[in-house]
Amino acid sequence: NLTYFKYNLFNFENISGNIRYTKNLNAIKTNAIFNGINQVSAPFNSPFVDESLDGRGSYGRSFTRKYKASFDFSLNYSKFFNIQNNVVAQSENFTQNYTLRTSTNYKNLPNLEIGYNIIIQKFNAGISTFYTERPFAKLDYFFLDGFSFITEYEFNHFYNENKTADNEFDFLSASLSYIKKDSHWEFRVSATNLLGTSQINNANFNQFLISSSQFIVQPTFVLLNVKYNL
């Protein structure tokens, strides 16, 4: 495991990185026999080597103290061995995650953050490849000596290489709060899933199965919060 970090106080530049390698010998693995939807499993002491390599890094800095930009990435590669139906089976996963964002840093004006995120998941040497593209934005504004308004939006496009899975969904949330200076009371109205998105999609991987899944999400909720700080 190796980690690096650097920070510059003058322009708020920060650089960080981490890399980790794991090697597993003589692991207790699974001998799985599939018969339709049924599975019979038994443990065995594997003579094969399981490996994983993780890397992540980020770079960010400020410009004239009113603008910020950053880039983050993470990479993960893993290779596993099991026995399926009495045949040695190797499974591989290579996941890439990249995020680019920029934002403002004003004192008396609304602040906006916009960015773009992409996740690429390749399974078994690229036999199955899934993509998730996610542009996003966030607006926050403090005004009238105690009010704050925050809203967040993200758009998701999930698809695989041959487009047998191809779905789009987005989310919008917002909140308006009021807390007067030196007051113990805080009042907030917040709403989630304002666009009424009903389901989301993603890709799943384990040592036996590659699949895309669909999940039902909660409908629009509007909440009123009243808080008193002792």
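If you read the sequence from its start, that first residue is 1, and numbering goes on from there. All values below come from the heavy atoms of this structure, side chains included, with hydrogens, waters and symmetry mates left out. On a predicted model such as this, the values are computed, not experimentally measured, just so you know.
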> Is it true that, when you exclude N45 itself, more than 12 heavy atoms of the residues, nucleotides or ligands shown sit nearer than 6.0 Å to its CG?
yes
> Determine whether more than 12 heavy atoms belonging to other residues, nucleotides or ligands lie under 6.0 Å from atom CD1 of I28.
no
> So F171 and L195, side chain to side chain contact (heavy atoms under 4.5 Å, CB included) or not? Walk me through it.
CA-CA 6 Å; F171 290 98; L195 301 176; over 6 Å; no
> Donor-acceptor check, side chain of T22 to backbone of S52, threshold 3.5 angstrom: yes or no?
no
> Looking at K227 and E186, is there a salt bridge between them, counting it only when a charged N and a carboxylate O are closer than 4.0 Å?
yes
> So do the side chains of F136 and K138 get within less than 4.5 Å of each other, counting heavy atoms only?
no
> Would you say the side chain of I200 lies within less than 4.5 Å of the side chain of N167, judging by non-hydrogen atoms?
no
> Could you list the residues that satisfy side-chain contact (heavy atoms from CB on, under 4.5 Å) with N162, not counting sequence neighbours?
N160, T164
> The test is side chain to side chain contact (heavy atoms under 4.5 Å, CB included); show your working for Y4 and I15 and say whether it passes.
CA-CA 8 Å; Y4 174 81; I15 305 171; 4.2 Å; yes
> Is the ring pair F147/Y178 parallel, tilted or perpendicular, if the boundaries are 30 and 60 degrees?
tilted
> For F143 and Y141, take the angle between the two ring planes, folded into 0 to 90°, and tell me which bin it lands in: parallel under 30, tilted 30 to 60, perpendicular over 60.
parallel
> For residues D50 and A27, report the shortest heavy-atom separation together with the two atoms involved.
OD2-CB, 4.5 Å
> I want to check something: taking the side chain as every heavy atom from C-beta on, are K180 and W185 in contact at a cut-off of under 4.5 Å?
no
